[in-house]
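Residues: numbered from 1 along the sequence shown.
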Amino acid sequence: MKIAFVGKGGSGKTTLSSLFIRHLTANEATVVAVDADINQHLGAALGLDETEAAALPAMGAHLPLIKDYLRGSNPRIPSAEAMIKTTPPGEGSRLLRVGENNPVYEACARTVRLDDGEIRLMATGPFTDSDLGVSCYHSKVGAVELCLNHLVDGPDEYVVVDMTAGSDSFASGMFTRFDMTFLVAEPTRKGVSVYRQYKEYARDFGVSLKVIGNKVQGQDDLDFLREEVGDDLLITVGHSDWVRATEKGRPIRFELLEADNRCALQTLQDAAEDSYEQRDWERYTRQMVHFHLRNAESWGNAKTGVDLAAQVDPAFVLSEALAVPQPS
């Protein structure tokens with residue numbers, strides 16, 4: 001399952017995504033975690049120290065390798081240079097599986113040990129001073145989108161993406177790449193403003209969206225969120241001594257997380273599993289092609305010098321039936 005955590009800056013989405021990742025690992029799920037936020041904090045939230053977090057390889061720096069691996073022997077893609085972030089797979093493309101070993105994971109992922117198991121952690125890489133004036137953070141996140149386009153995942157396999165804050169993900173089709181999007185909202189007007197943006201734009205694409213009310217301190221906060229987001233409100237979370245201790249650098253074993261918060265995390269997993277049962281691979285592939293053609297027309301053709309519409313394989317549908325090992 002592909003899960004996104006979104007919300008405005010400071011809403012707590014990184015903390016909640018890291019708790020969800022820990023919960024999945026405790027439940028013996030296979031997890032690939034991706035830090036796609038411009039402010040790279042997921043590694044630290046998962047227990048890495050500053051040196052370890054800074055040493056995570058940047059996916060954006062390995063984009064040529066990612067492209068070259070994923071295009072495989074696809075005759076519609078003659079070179080890695082001809083690929084853009086929305087390029088869809090076709091006959092001959094290499095696909096990614098959550099639990100496999102491949103050159104993309106070898107270059108871009110690192111194993112992180114948690115209390116109850118281990119995960120793979122990937123990061124887009126931070127926006128650096130050398131990017132100023134010459135780059136755009138969307139080009140870094142493009143590595144994540146390209147991998148999601150070529151990913152085949154099944155039940156008990158999770159890709160959890162801590163997305164960039166606000167509504168920046170609408171700059172491409174990446175917001176449609178998920179089985180479930182959890183939007184973290186504080187009980188304030190600013191807190192629910194990103195929800196309204198997501199809800200309005202995602203409605204036309206069948207995006208499954210649920211709200212996590214964070215920093216909820218009482219009935220008035222709960223009533224406010226229910227009034228603003230209605231049935232999309234899935235759970236609410238208040239103060240956590242476990243989280244506060246972890247943020248102070250005094251980690252406690254995950255099994256000691258408060259019982260109500262453990263129950264809330266299980267509710268998130270249940271909602272994710274329900275959304276997975278509704279997965280429509282044909283629609284997923286169709287949306288992938290839709291955004292690729294839009295990007296090709298607006299900037300991709302001019303950038304690459306080729307007709308990117310020719311990359312679309314009309315007979316290809318991404319599906320779990322393709323989830324068989326391939327030689328690297």
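Counted by atom type alone, Asp223 and Gln219 present one or more donor-acceptor pairs between their side chains at under 3.5 Å. In this structure, a donor-acceptor pair under 3.5 Å is present between the side chains of Ser240 and Glu258. When only modelled atom types and interatomic distance are considered, His23 and Asn27 share a side-chain donor-acceptor pair under 3.5 Å. When only modelled atom types and interatomic distance are considered, Thr111 and Glu118 share no side-chain donor-acceptor pair under 3.5 Å.
Under a 3.5 Å cut-off, the side chain of Arg120 and the backbone N or O of Ala33 do not form any donor-acceptor pair. Put simply, the side chain of Thr285 gets close to the backbone of Leu318: a donor and an acceptor are under 3.5 Å apart. Without hydrogens or angle criteria, Asp153 side chain to Tyr158 main chain gives no donor-acceptor distance under 3.5 Å. Side chain of Asp313 to main chain of Glu91: a donor-acceptor pair is present (N/O by atom type, distance under 3.5 Å, no hydrogens or angles). Checking side-chain atoms of Gln40 against main-chain N and O of Gly125 turns up a donor-acceptor pair under 3.5 Å. Judged by distance alone, with hydrogens and angles left aside, the side-chain atoms of Arg97 form no donor-acceptor pair with the main-chain N or O of Leu151 at under 3.5 Å. Side chain of Thr246 to main chain of Trp242: a donor-acceptor pair is present (N/O by atom type, distance under 3.5 Å, no hydrogens or angles). Listed for the Asp156 side chain is no donor-acceptor partner under 3.5 Å among the backbone atoms of Ala29. A donor-acceptor pair is defined here as one N or O able to donate and one able to accept, closer than 3.5 Å; such a pair exists between the side chain of Gln311 and the backbone of Ala82. Checked by atom type and distance alone, the side chain of Glu200 never pairs as donor or acceptor with a backbone atom of Gln197 at under 3.5 Å.
What you find for Pro89 and Asn74 is that their closest heavy atoms are C-ND2, 4.3 Å. Summarising the geometry of Pro155 relative to Glu320, their closest heavy-atom pair is CD-OE1, 3.9 Å, with the distance given to 0.1 Å. The two residues Glu157 and Val152 come nearest to each other via the heavy atoms OE1-O, 4.4 Å. Smallest separation of non-hydrogen atoms from Leu183 and Tyr195: CD1-CA, 3.5 Å.
Taking 4.5 Å as the limit, every side-chain heavy atom of Leu146 sits out of range of all side-chain heavy atoms of Ile84.
Paired with Arg177 under the rule side chain to side chain contact (heavy atoms under 4.5 Å, CB included), one option of Asn149, Val159, Val161, Val207 passes, and it is Asn149. Checked options Lys210, Arg226, Lys199; the residue passing with Asp232 is Lys199 (criterion: side chain to side chain donor-acceptor pair (under 3.5 Å)).
Here CG of Leu121 is found 11.0 Å from OG of Ser18. Values are rounded to the nearest 0.5 Å. The distance from the CG atom of Leu265 to the CG atom of Leu257 is 6.0 Å, given to the nearest 0.5 Å. Summarising the geometry, atom CE belonging to Met59 is positioned 11.0 Å from atom CG belonging to Leu65; distances are rounded to the nearest 0.5 Å.
Cluster annotation: Val289 and Trp281 are assigned to distinct hydrophobic clusters (Ile/Leu/Val/Met/Phe/Trp/Tyr, side-chain heavy-atom contacts under 4.5 Å, transitive).
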TODO: Take Lys215 and Asp221 through the salt bridge (Lys or Arg N to Asp or Glu O under 4.0 Å) test and state the conclusion after the steps.
DONE: CA-CA 9 Å; Lys215 305 177 185 178; Asp221 286 347; over 6 Å; no
Task: Candidate pair Glu81 and Lys67, rule salt bridge (Lys or Arg N to Asp or Glu O under 4.0 Å), full reasoning - done: CA-CA 8 Å; Glu81 290 74 21; Lys67 290 180 176 180; over 6 Å; no
TODO: Take Asp116 and Arg22 through the test salt bridge (Lys or Arg N to Asp or Glu O under 4.0 Å) and record every step on the way to the result.
DONE: CA-CA 8 Å; Asp116 299 294; Arg22 290 178 185 272; over 6 Å; no
Open item on the list: As a quick check of understanding, evaluate side-chain contact (heavy atoms from CB on, under 4.5 Å) for Val6 and Val184, giving each step before the final call.
Closed with: CA-CA 6 Å; Val6 301; Val184 182; over 6 Å; no
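Under 4.0 Å is where a charged nitrogen must lie from a carboxylate oxygen, and between Glu228 and Arg196 at least one such pair does.
Stacking of Lys85 on the aromatic ring of Phe291 is not recorded, the 6.0 Å distance cut-off and the 45° axial limit not both being met.
No close placement of the Tyr198 and Phe175 rings is indicated, their centers lying 6.0 Å or farther apart.
Qualifying side chain to side chain donor-acceptor pair (under 3.5 Å) partners for Asp179, counting only residues two or more places apart in sequence or in other chains: Arg279.
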